[in-house]
Amino acid sequence: MIIHIDMDAFFASVEQMDNPALRGKPVIVGGSSDRGVVSTCSYEARTFGVHSAMPMVVARRLCPQAIIVRGRYPRYSELSHAIMNALRDFSPLVEPASVDEAYVDATGLERLFGPLEDLVTAIKARIEEVTGGLTCSVGAAPVKFLAKICSEVNKPDGVFILYPENVDAFLCALPVGKIPGVGKRMVQSLQDLGIKTVGQLRRFSPEVMERRFGKWGAVLYERVHGRDSRKVETERTAKSESAECTFAQDTRDRTFLQRMLMAHAERVGASLRRHGYKGRTITLKVKFCDFKQITRSRTLEEPVNATETIFETGCRLLAELPLPQPVRLIGLGVSGFDAPANQLFLPGAGKAAGQNLDPQVEAKRQKLDAALDNLREKFGRQAVQRGRLFTLAQQEDAPERVNNGKGDGVEKKPEKGGMKPGG
């Protein structure tokens, strides 16, 4: 059996726990401007229809009495680490799936903790203890995707255990949209075929599923029959590191956009260095005022994590990009962590043939970054700033966090599959 732990409205619950005045009230965590987005919200706010990723202007209209709180991501990260460490007290096989959820392989644990029900009760109690009072919802099932579905059944602060003999009956009655990976478009496509439940979807052969939905169709066929070969992974390969922000006002001001790229490069570079990563591919993300989104990437011949190098590459991508409409959002990311993190540029080596980075320049940038990182670690993030960012220091919409993988916003080691806001 595999256990899935999902913290209840994590960010909002932390705010309510730390500030008793917020308890029992509709709390929304996110940017306070109308251009902001809901990161997560308390269950009191959800009764009004507010949910994660909703535009803040819509959330305010649905729940005008809501209390909006800007996220304290270092605090969330601190508690996340405490939760993951607590889970490792029960099993060595713990896979953090995001900042507020994890999988635990429960194989053989009954010898130490008794029946599965007792183990789940002990896990919930331990998490409440190490966090100072936060609750979680727990699902247990024979495979990962079913465990994740089960953790949603009795939210908040609930438990649902799906034993092997009950899998078929549970799955057949399940709406197809409950299967992880089945989005709104696929749900609509299936409903057009008269398919609303997993039981109805089981009528299709694997060949038909793959022909209609491509490679995902083969995976979906396995899922609807309750099969999932994925194991609980304690070590996962980093995929990407990125930062982005939405502006209070749409803009075509390239000087401003470059300053924002510097802010992103600072955050991304610092996080990469903190965790010993370097990447070769720099990606620029731009979303226009009509919500059309484009990305442009450049792959370097050497892996990098220097702030200036990331920034300069992003600026070159921006310079090559026409701006037919004002820009709503800009982001910058690094990926391609396929080279040793301890690879060094040799000062005095000159620019190698075919290499698009100057080793001497990179060596100087690495020394500067190391000095800045050390100062910030000792005296705080705002202790020293680059001159380009002075005008952004007090700006509400300046980026506050690094995104990992999917990019939901807490500074931590990049993980496959990324992070999400608290559920």
Side-chain angles (χ1 to χ4, degrees), residues 98 215 233 235-245 254 257-288 292-323 327 329-346 349 351-366 368-370 373 399 401-420:
S98 75
K215 291 183 179 180
E233 303 175 13
E235 295 292 336
R236 302 193 295 172
T237 304
K239 295 178 66 178
S240 66
E241 186 90 2
S242 64
E244 63 184 43
C245 68
R254 288 183 179 269
L257 295 175
Q258 287 178 352
R259 288 204 303 270
M260 296 309 300
L261 288 181
M262 171 52 78
H264 294 334
E266 280 269 53
R267 301 304 180 89
V268 172
S271 186
L272 289 174
R273 294 188 295 273
R274 186 182 308 117
H275 301 297
Y277 283 93
K278 290 187 177 183
R280 296 178 60 227
T281 301
I282 314 297
T283 300
L284 172 72
K285 174 182 176 181
V286 172
K287 183 182 289 185
F288 294 102
K292 179 183 178 182
Q293 179 176 300
I294 61 174
T295 59
R296 296 290 185 269
S297 298
R298 179 159 297 165
T299 298
L300 308 177
E301 294 187 12
E302 299 287 347
V304 299
N305 60 17
T307 294
E308 283 285 346
T309 306
I310 297 169
F311 167 67
E312 287 182 355
T313 307
C315 285
R316 286 196 291 269
L317 291 169
L318 178 63
E320 297 167 1
L321 188 68
L323 301 180
V327 175
L329 171 151
I330 196 165
L332 190 63
V334 178
S335 59
F337 305 143
D338 56 356
N342 60 353
Q343 181 173 346
L344 299 177
F345 294 95
L346 301 178
K351 192 170 182 179
Q355 182 173 309
N356 55 3
L357 296 173
D358 187 323
Q360 290 179 306
V361 172
E362 290 303 307
K364 291 180 180 178
R365 288 176 174 177
Q366 288 174 359
L368 174 61
D369 285 334
D373 292 343
R401 60 192 188 273
V402 170
N403 296 330
N404 311 98
K406 286 183 180 177
D408 293 296
V410 174
E411 293 184 338
K412 67 180 283 190
K413 183 176 179 180
E415 294 177 340
K416 181 170 60 180
M419 292 179 284
K420 67 173 184 63

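Here, residue 1 is the first one in the sequence, and each next residue gets the next number.
- Of the inter-residue distances, the one linking Leu317 atom CG with Ser297 atom OG reads 7.0 Å to the nearest 0.5 angstrom.
- The distance from the CD atom of Glu308 to the CD atom of Glu266 is 8.5 Å, given to the nearest 0.5 Å.
- Between Thr281 and Thr299 the shortest heavy-atom distance is OG1-OG1, 3.0 Å.
- Looking at every heavy atom in both residues, Asp369 comes nearest to Asn305 through OD2-O, 4.3 Å.
- A heavy-atom distance below 4.5 Å is not found between the side chains of Ser271 and Arg267.
- Atom CZ of Phe311 sits about 5.5 Å away from atom CD of Gln258, to the nearest 0.5 Å.
- Distance check: His275 NE2 to Glu241 CD gives 6.5 Å after rounding to the nearest 0.5 Å.
- Of all the heavy atoms in Leu318 and Ile330, the pair that sits closest is CD1-CD1, 4.4 Å.
- The shortest non-hydrogen separation linking Ile282 to Leu300 is CG1-CD1, 4.4 Å.
- Between Leu323 and Leu257, some side-chain heavy-atom pair lies under the 4.5 Å cut-off.
- The distance from atom CG of Leu332 to atom CG of Leu284, rounded to the nearest 0.5 Å, is 6.5 Å.
- Pairing each heavy atom of Ala306 with each of Arg365, the nearest pair is CB-CB, 4.0 Å.
- Atoms NE2 and SG, on His264 and Cys245 in that order, are 4.0 Å from each other to the nearest 0.5 Å.
- With Asp373 contributing its side chain and Arg274 its backbone, the two residues share no donor-acceptor pair below 3.5 Å.
- For Thr313 (side chain) and Thr309 (main-chain N/O), a donor-acceptor pair under 3.5 Å exists by modelled atom type.
- Contact between Ala265 and Ile310 at its shortest, heavy atoms only, is CB-CG2, 4.0 Å.
- A 4.5 Å side-chain heavy-atom check between Arg273 and Thr307 finds at least one atom pair inside the cut-off.
- Taking a cutoff of 4.0 Å between a charged side-chain nitrogen and a carboxylate oxygen, Glu244 and Lys285 qualify as a salt bridge.
- At least one side-chain heavy atom of Arg298 sits less than 4.5 Å from a side-chain heavy atom of Arg316.
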